[in-house]
Amino acid sequence: MSNVEIVVVGAGVAGLSAALAVAGTGHDVTLVTKAELVESNTYHAQGGIAAAIFSDDDPKLHAADTMAAGHGLCDPKAVDILTREGAERVREFAAAGVHFDRDAHGHMLRGLEAAHSRARVVHAGGDATGKVVELDVSAMVRANPLIHIIEHAFLEDLIVRDGAIAGVRLLVRDGETFRSADMAASRVILATGGAGCLYPYTTNPAVATADGLAAAWRAGAQVADVEFYQFHPTAMAVGEHFLVSEAVRGEGAVLLDEHGERYMTRVDERAELAPRDVVARENFRVMQAQGGKPVMLDVSPMARENPDLASFLAHRFPTIDAYTRSLGFDWSKEPIPVAPAAHYYMGGIRTDLNARTSIPGLYAAGECARTGVMGSNRLASNSLLEGLVYGRRAGLAAVADGDDAVWAPEPFLNSATGAVFDHAPIALAAPATTAAADDTAADKVWDRTRIQNTMWHGVGVLRDEAGLKTAIAELGQGLAAANAQADVNADGAASSVEALENRNMLTVGYVAATAALARTESRGAHARTDHSEPVDNWAHSVAYIKD
């Protein structure tokens, strides 16, 4: 094993922030990324970064909006850190040269998005905020001599010895093949992003296969709130399910059914600017009512303020404009078809306020982590902010913590009532593997399409007991086969990255479905048609491997 002390896995905004924080203390750090440095969920994020940096705003107002969107399951201390330190981080990155959009006088532009009480969302490149931030911040990382980058290295598993992190096991690309490599580390920061590829309709890139979350689970870390997956209400219903940003509705676009009738005004007083879970569910219901046909997004109301609508759309939303036109749509003249798509994971590896997990030496930040700021529904444009804030906290803690550092997670509570609860534990035994010598194991291994369809129908936008039980049984069988195949490969056969990704998705899908079945209420992004109302005294869910 090579002698590496701190390893960051993942190169989105959380991983980059963590690496910069470690290097800022004068320590070396190794940054491992599954693909190229800039390929991450961050790169594909359009909406922007929410930050209370304007004179008519305050972090406390931002915190209140975040808590309201989270439907009672946000941790107030975590949210306070997010909004206070988030404003500081955005100012720092702006001063460091990140190219946020500005007016002719050099003032940062801002937009209003769903469930925000102030226009506080800053953008870069119009609707390409994530891309600009990723490119600008990754350039800072590449320029730092203390940060050592390993690209095309897949996290196969975490190495744990005597109950503490000892390193990472990687598959590193070597030409056209991959070679296994163990890397020693006393501190590992997971910033591996989300799990959108669990579903057939997702705004996430192909790298979002739940790798860090699954590895942490196998290593014995607690995971929390994994039943809460946010479905973005408006992804293109054709092509590559390209995200049509929240900001489009913020500028005035409306949703129409197949008859050209606007329906969100009947559902919520905020109409199209209601929280994402509300809009996504209604879009899904309307689609069901019209035989699966997509709903339509109409931008024509913007013409009242922007008479040259085509020119405005090309300037304000250049990426979306180019993509819709590439599919043959002129959205300045006609509505475009949209549908809900898996977008962001609120649950993940449970951490404390300094990104420590329940395994000594292991930290998590960004979408793979459950920090407490998202609750049951993420407020629009808080995701990049969370990566900036908690990625930095993870890096600083990894440097400062001694071997006697204590994991001190916030107690779970319902922030709507202020009541503190014990968590609802879900102790799961990993589905048993078939014998390693079973020659039929490979035939039982699921492909990606089967995983995605099972998750979409059983653990998707709307859920019920029967569908969840079916999904758990089927995903358990798929996971057992994947584990059996992994056991066979552990004896010397080569594993493919895709097979390991599928195993990770089966792992997380199985745990998520089990948590969703246990939560017999509807809250935030978790919608049960057989338990349609929230339960005031419902705790969080924490899942862990049964001893």
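Please read all numbers here as calculations on a predicted model, not as lab measurements. For the numbers below, each heavy atom of this structure counts, side chains included, while hydrogens, waters and symmetry mates do not.
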Any sub-3.5 Å donor-acceptor pair from [X]'s side-chain atoms to [Y]'s backbone N or O?
X	Y	answer
Gln230	His343	no
Asp136	His99	yes
Asp75	Lys77	no
Asn283	Pro340	no
Glu156	Ser180	no
Thr83	Pro59	yes
Thr357	Leu362	yes
Asn377	Gly70	no
Tyr229	Gly196	yes
His152	Ile150	no

Heavy-atom check, side chain of [X] versus side chain of [Y], under 4.5 Å:
X	Y	value
Ser376	Met346	no
Met374	Tyr344	yes
Thr209	Arg448	yes
Leu158	Ile165	yes
Leu388	Val137	no
Pro233	Arg249	yes
Tyr363	Thr351	no
Glu386	Arg378	no

- Query: What is the minimum heavy-atom distance between Ile349 and Ala221, and which atoms define it?
  - Reply: CG2-CB, 4.4 Å
- Message: The test is side-chain contact (heavy atoms from CB on, under 4.5 Å); show your working for Leu213 and Thr192 and say whether it passes.
- Response: CA-CA 8 Å; Leu213 177 53; Thr192 50; 5.9 Å; no
- In sequence, state the C-alpha distance, the side-chain angles, and the governing distance for Met455 and Leu475, and then conclude on side-chain contact (heavy atoms from CB on, under 4.5 Å). CA-CA 9 Å; Met455 289 297 295; Leu475 292 166; 3.7 Å; yes
To the nearest 0.5 Å, tell me how far [X] [atom1] sits from [Y] [atom2].
X	Y	atom1	atom2	result
Thr202	Phe231	OG1	CZ	9.0 Å
His526	Glu227	NE2	CD	6.0 Å
Leu479	Asn502	CG	CG	11.5 Å
Leu171	Leu500	CG	CG	6.0 Å
Leu82	Leu385	CG	CG	4.5 Å
Leu155	Lys34	CG	NZ	9.5 Å

- Note on the structure: The ring-ring contact (aromatic ring centres under 6.0 Å, His included) partners of Tyr390 (sequence neighbours excluded) come to none
- Tell me whether the guanidinium CZ or amine NZ of Arg110 lies under 6.0 angstrom from the six-membered ring centre of Phe54 and within 45° of its axis. yes
Hey, is [X] close enough to [Y] for a salt bridge, meaning N to O under 4.0 Å?
X	Y	answer
Arg187	Asp403	yes
Arg392	Glu88	no
Glu85	Arg393	yes

Could you tell me if [Y] and [X] have a donor-acceptor pair between their side chains, going purely by distance under 3.5 Å?
X	Y	result
Ser186	Glu5	yes
Asp57	His62	no
Arg350	Ser358	no

- Checking side-chain contact (heavy atoms from CB on, under 4.5 Å) for the pair Val38/Lys131: CA distance, chi angles, key distance, verdict? CA-CA 8 Å; Val38 298; Lys131 178 179 179 180; over 6 Å; no
- Item | For Ala14, side chain to side chain contact (heavy atoms under 4.5 Å, CB included) partners two or more places apart | Ala191, Ala365
- Message: Does Gln452 form a side-chain contact (heavy atoms from CB on, under 4.5 Å) with Tyr199? I'd like the steps, not just the answer.
- Response: CA-CA 4 Å; Gln452 292 174 336; Tyr199 297 94; 5.6 Å; no
